[in-house]
Structure formats: C-alpha cells, structure tokens
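In what follows, a structure is listed as structure tokens, so that the remarks can point back to it.
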Amino acid sequence: MLHQTERAEIVMSSDGPAEKSFGSDYFAALNPEQRAAVVHEGSPLLILAGAGSGKTRVITTKIAYLISQKNVDPRSILAVTFTKKAAEEMAERAVNLVPEAAFAQIRTFHSFGAWFLRKYSDEAGVDSNFTVYDDDDMVTLVSKAVPSLAKNQAKHAAHVISLAKDYCLTPDSSRLSEIESDPDFPAIYTAYEKRLRQTGNVDFGDLIQLPSLVIASDERIRRQIHYRFRVILVDEYQDSNVAQFKLLQAVAGVEDNSGTYVCVVGDDDQSIYKFRGAEVKNILTFKDFFPGTTIIRLEQNYRSTAPILAVANTVVKNNQGRLGKKLVSVRGKGKQPVMVFLPNQDDESAFCAELITKAHTKGCPYNEWAVLYRMNAQSLGFETEFLHRNIPYTVVGSLKFYEREEIKDVLAFLSLIANPRDEISFRRIVNKPARGIGAKTQDRIIDAAQHENGRDGRLPSLVECAQRHSSSLSKKAREGVAGFVSLVDEFSAFLAERSADTTSADEEVAPAAREILQAAQAEPAAGQKADEEKLSVFIKKIIVKSGLLEYHTAQDEIAGTQRAANMQELVNSAVLYPCTLSGLLDFLERIELDHTLEENGNTKNSDSVTLITLHNTKGLEFPRVIITGLESGVFPRQDKTGGELEEERRLFYVGITRAQNQLYITSCRERRLYGRTEHMLPSPFLSELGDTVKILGRKPSPFRDYSGFNDSPQQSDDPLVQKWCRGTRIYHDDFGYGQIVNTVTKDDNYVITVQFENGGRKCFMPRYQAGTLMIVKD
DNA sequence: CCCGTCGTTATTTTT
DNA sequence: TAACGACGGG
C-alpha cells in the first residue's frame, strides 16, 4: 500500500556511486536550493518545501553532511518527524549515506518525549515504567475521576483535555475558556490530572507537554539537554502544534543562547491537522521566535507532470495568508487531468472500476492507482464494486487492529505487569475472564489504594493492594483476587528475574535506527534466540494462563470472529523483542506510539488498488490518482467559515499533489448519505479549476452558477428537477419563506422537503403546487 | 451475567 | 443505512 513511495525514495537515495564517501556526487544530485539548504549554517533555517520537492532528501543529506564533513557528533543530532514511518524512512536513508547516522536521534515527536520522560521520570513526576494511555483510556479515566459525567460528556471532556495539552494549557490556565466554555471544565481537567498522576502513566499530550515544562523549570536538565543536542531538524513542521513548538523552543534554547542549530522543513499549503491542534502560525511566525532566520524555498517538483501541478497551483492560490510558493514541474508535459460528473455514487464506483480495469488490460498494474475520499465511510461503495469485478484493493488506515477488544485485553495485562499502578489496565482485565470481581469490588480496591497514598502521591501496586484488602471482600471476590494476584505475580517475578542482569546499552540508539541495525547484522541471531528469551513466548504464556485465549476462543465460536487469531498475531509481532522488562516497555511503546499495523510481506508485494482517505495520503505518491466525492457537504465537508474551508482546500491540494502521471476528479449529483439519497451540489472547489481540467459527463444544473464552466449546454431530463433543486429559496402562501433542504423522486413524483423560517418542515410535490409555492429570486 | 431490542448518531485523526 | 450504546428481562 505505501510501498510506492518507499520504492521511489530508495531508488533516489541509492543512485550514484557515493555509498561510502560523501563525495561531490551527492551534490550533483541536488538542485542549487537543495544544496544551499544542506550546507547552510550559522542561523536558524526555515525550508519551505513544496510537495514533491525532495525535502526528505535534503534532510537526510544534511544529516550525512554534518556528520561526515562537519565532524558533528551524530549523537548530538536530533531529527523529529510526525510519523514512525517517516522516522524510519529518514533513518534508513541517512544511514545509507553515512553509517554513523544510526547514532543520531531520529524519532517522532512523541517518541522523543517518551525517551525524555523515561530519562527524567522523577523530575516529571511519572513512573519510569510508564505506559501511554490512548484516547479511550482517557475517556475511562475522566469517567472515574468525575463519575457524575455521562459517557458522552466524559468523551467530550477527554477530547478537550487533549486539545488543551496540544495548546500546552495546564488545568490552572486562565486561557482554558478559549477552548471550552463549560465553567466546570477546569475542575474536570484538574481531577483527571490528579488521577492520571496517581497511576504514574501518561497520555499522548503529556509526551510533549511534560518535557517542555520540565526543561523550562529545571535548570540542570535544561543545561544537559542543550549540551547534548547541538542540531535539531524538524520535518512536516506545518503540522506542529503549540506544545510541540514550545518543546522545540525549550530543547533549542534560543533564549539561553545555547547556540543550537535549528532547521525546520514544512509546507504551509499542506497543513491539514488544525483540528488536532496544528498551528500553521508556527511556520508563518517562525522567524519571529528564531531571530535571524534564513528562508529557503524548494519549488521544483520532481513528482508530478506540469498539467497536474497547474491544477494544484490554481486551487491553492485561492487561500489567503499563505507564505506564497509556486510549484514548478521538473518533469514537464503530461496528460491533462480529467474532471468527471456522474449521476450517483454507484456510477462513481463503476467509473473508477472501469478506468482501472481498462488500464490493467493495457498492462498497468493495479498498484499504480489510488482512490482518495474524504471520509472512511466512502470506501464501502468502492470495496463492493471492486470485489464484484475482481479488482484487488487495499484499504489503508481503517484497520483498527490495536483497538480490538482482545488486543486491548492482552496489552492491558502487559501494561499492568510493567506498571502495577495502572488503574485503567487493572480494571480492564482483573475480571476478564469473569473472576467474580465486579465493578463494585474494583471500586473498593481502587478506593483503598487511594487511601494508602503511595510514594509521590502515586497509587501503590494495585495487585498488592487487592491482596491486602481481600479479607474485606466477599468470598467469591476473595477467591477471584487470590487467583488474579498469583497470576500477575508469577509473570512479574519471571520478568524481574530475567531483567536483573540486562543493561540498557541500546538506549542511545533511536528505535528507528535500531531496527535498521538489527536487520543489517543481527537477523540470524534474533532467529536463534532461545524460546525463553523471546517476549513472544512470554506473551503467549500469558494469554493461555490468564484464560484470555480461552475466553476469546469461546467468543469466536459464538460470533464467528477472529479473535484468537488476532491474539496470535500480536504474539508473533513480539518475536524480536527480548523477554525483559525493558523489552516489554519497548514493545508496548512501539504499539502505543504507532497504531498502524506492521506491514507484512504479502501486502507489500501484492498488486492492488489503494483506497485511502485524503488525510492518510500525506507523504505518499501514486502514478494515477482519483479524488472522489467532490460535492458540497462531503468535500468540503460543510460550508464553514473561511479558515476551515481553507483547510479543506489544502486537503484537496494535498490530494492533487499525490499524483505523478494521471489525475481524475469525480463529483456525483446524488449520494446516499446516512440512509437517505440526497441531491448534491458540486464542491465549490470545482469552480476554481478553470481550464486546467478536461470535463467529462453532464454538468449538474447548479453548476451554471460557477465561473469556468459556463460554456456547457444545459441538459435535463426533468425541468422540475432543474427548477426546484436543493438550496433554492422559496415562498409559500401559508408558511412563509423557506429553503429546499432535500429532494427525492418517489414513484415518478418529484418531492421536495422545505425548511421554513418559522421552524416548520414540509414536503411538497412541485407539479401540484404551482399556485401556492414560488421560487424567490435574490 | 448475558442477550435481545430499541434509539441515537453519524468527519478527518500523524501520536 | 448501519453500527453502536443504553437498558431491561431472563
């Protein structure tokens, strides 16, 4: 699925004979701007890198250049990205250029935060064996901290808490009101934080927020960090949030005159994660916070043909407040992109299927194609159609392997062994399979633990606490607790014993690089590991002895699910980890910080069409791309205020710039949405395409209102449908003014639904309403 | 404690 | 439409 990019990148990085020495061949492969970015020094650097302009190559070459030409200690280089995939790719390519790059810290933001927090856990007030709570765990914890909240209230509160952390707002911040008007929110946030700190664990926001707070308040650590990191490189900088910006500032130490070199790479036109707290502002105002910033623009695009870039440029220029940049195609001429209007989504799927099939008969492999859509639900139609026509496809991102119940159960067991204060994991598995320890008993144990008040206000081990208090429980619960305690103890003891003599020599090699090193040298050794030394064997024992395997196998038989097999897959994924406490922590952290399933060999090699949301395409490229569902309300999702519309437009821009050779855009006049068939208006973005696209299909009537397509002859099968279309303002003799909000054809009768300004909603058949209903012209 | 039924609710989501 | 959560009965 994602291998296209990889394959292309690998080819790029291994061309030229300069594998060993960092010769002039490397520079020959770069254009003048790229070269300038690589050798730049002496001031902060902002690289504005357009889509497909070779930014990863610039960063990796820069790392290699610093190490081999400037004698920079690789351990003093910190390179951060947003995804694990990007980190791995960067590490791989840098190591290919210069092997010592394996000692550079090439990590995701969150993985860097985790590294920091384990190193300085005492100062940060967390357990050094912490695990990371995901969004679901946050909701559970909010519910426990503030029991009066209903489930959806807790959900909302948890969401706002993570947003608060994205903006680096603590519970006592007066600015919380800017993101949540509920006056109770600060109290909820406070209660949540207290409860979270009691467990010793962290949430995602903490991985960023806590390090920056620690660096700001602890001078000793601040000095250590500034001494350690002399070069900081940030990729995808346009998607950094306030907390990440603060962390960057803290680590860079501009105000302390640390002399650390900072280089960020980003593209303001590709900022698509505002809803997750990303701030384009970070890129627009970078030079204000890093005085003397040099700006280098990379505008030569190596990915797409000129006609595709023409579409991209013409769309994105409609956004205000950009730094301004125009992509120029290195590749030049190509096929003109095509805009296709279709009657409905079934025709849309069929159209895509036919395009792909036709190309396939001419020798085009399926994996050259990607079908892009705004929301995951849209994939279903394509899946049905492709299945029907025997077109192989891979849906990217909808697999929620680690969100499956059985997987979360196993992970909870492992997390509890790592950190026995973990309230959420304790609750999750203490009564699974049923041991007679219901919610009430669980509450009693947690209450008791809170009263015991462990070190630093943290809870004591919940397993030990349960045992201490078992005498006060019912007989059934007592037996259950005894069984559970001995189960956990057995595995904890086993792990502790095996961990006693291990050292953490690997600590200085970032995980992304570690995997490369392992793959390069230690493959056979890993395979020959004794069973007892493999974490996978340990986990397998756990799922058997805990009864989880039996429990879920029983579920499989009832519901025909694959739970046992899924658990086995989780076991398999631990095969390369050592059976030690630090091996367990590594394993858990890898999963917590990257929910995407490890690509196994056959998906990588299979020839299939990629079905993917627009968001998920960031950083990818495909020879042929179809962007679907260009309808108002679907994409852009709602006609919202300017800022949000601009973000949708950037998303469109990202989609367009994924295409290398061919681009298709589709729009339907009708779509089934939430069980209803709705008439759709074309996306407002389509009116911005001008003559950069070739148009196929009959343009829908409302399209006459958009500039750029006025030349098309109007056709319609029914004048009523043309006249009484969705969005039209009307006046009714009895009910007053209103707007057509929906239209349906039922038994040959065209029926419209009108929302009146007086609040009422009525259906009419226009053919019988000539007297009382009229269209208002404005 | 488990199972059925009814009602509600639908984005995007690197970590 | 469909999928999931809340609730009540066995």
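Every value quoted in this text rests on a predicted model; they were computed, and no experiment measured them. Below, chains carry the letters A, B, ... as their sequence lines are ordered, and counting in each starts from 1. Any value given below was found using the heavy atoms of this structure, including those in side chains, with hydrogens, waters and symmetry copies removed.
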Checklist entry - Is there a donor-acceptor pair closer than 3.5 Å between any side-chain N or O of A:Thr140 and the backbone N or O of A:Asp136? => result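 At least one qualifying donor-acceptor pair exists.
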Checklist entry - Would you call the rings of A:Phe484 and A:Phe426 parallel, tilted or perpendicular, where under 30° means parallel and over 60° means perpendicular? => result perpendicular
Checklist entry - Do the rings of A:Phe652 and A:Phe635 sit parallel, tilted or perpendicular, given the 30° and 60° boundaries? => result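 Answer is perpendicular, since the angle exceeds 60°.
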Item to check | base_contact_polar (B:dT12 base, A:Arg374 side chain, donor-acceptor, <3.5 Å) | outcome: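 Side chain to base: pair present.
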Next on the checklist: Between B:dT14 and A:Arg276, counting only base atoms on the nucleotide and side-chain atoms on the residue, is there a donor-acceptor pair under 3.5 Å?
Outcome noted: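 In this structure, the two groups form no donor-acceptor pair.
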Checklist entry - Where is the tightest heavy-atom contact between A:Gln378 and A:Thr628, given as atom of each residue plus distance? => result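 Shortest heavy-atom contact: NE2-OG1, 4.2 Å.
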Could you state the [atom1]-[atom2] distance from [X] to [N], rounded to the nearest angstrom?
X	N	atom1	atom2	answer
A:Ile612	B:dT14	CD1	P	11 Å
A:Leu380	B:dT11	CG	C1'	16 Å
A:Asn152	B:dT9	CG	C1'	11 Å
A:Tyr402	B:dT14	OH	P	14 Å
A:Gln378	B:dT12	CD	C1'	11 Å
A:Tyr551	B:dC2	OH	C1'	10 Å
A:Asp135	B:dT15	CG	P	12 Å
A:Ile161	B:dT15	CD1	P	22 Å

Next on the checklist: Here's a test of your reading of the structure: between A:His615 and A:Thr108, which maps to the more 5' nucleotide of DNA chain B?
Outcome noted: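 Whichever sits nearer the 5' end wins; that is A:His615.
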Checklist entry - For DNA chain B, whose closest nucleotide is more 5', that of A:Ile437 or that of A:His110? => result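 Counting from the 5' end, the first nearest nucleotide belongs to A:Ile437.
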Reckon [X] touches a base, only the sugar-phosphate, or nothing at all at heavy-atom distances under 4.0 Å?
X	value
A:Asp239	base
A:Lys618	base
A:Asp166	nothing

Item to check | Those residues that, when tested against A:Tyr192, pass ring pair (Phe, Tyr, Trp, His ring centres under 6.0 Å) (two or more places apart) | outcome: none
Checklist entry - What residues, two or more places apart in sequence or in another chain, satisfy ring pair (Phe, Tyr, Trp, His ring centres under 6.0 Å) together with A:Tyr653? => result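 Scan of A:Tyr653 (ring pair (Phe, Tyr, Trp, His ring centres under 6.0 Å), adjacent residues dropped) gives none.
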Is there a side-chain polar atom (N or O) of [X] under 4.0 Å from OP1 or OP2 of [N]?
X	N	answer
A:Asn616	B:dT12	no
A:Thr613	B:dT13	yes
A:Asn376	B:dT13	yes

Item to check | Ring-base stacking, A:Tyr273 with B:dT14 (5.5 Å, 30° cut-offs) | outcome: yes
Checklist entry - Can A:Phe275 be classed as stacking with the base of B:dT12, given a centroid separation cut-off of 5.5 Å and a plane angle cut-off of 30°? => result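 A stacking contact exists, since A:Phe275 sits close and nearly parallel to the base ring of B:dT12.
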Checklist entry - Picking from B:dT13, B:dC1, B:dT14, which would you name as closest to the side chain of A:Asn431? => result B:dC1
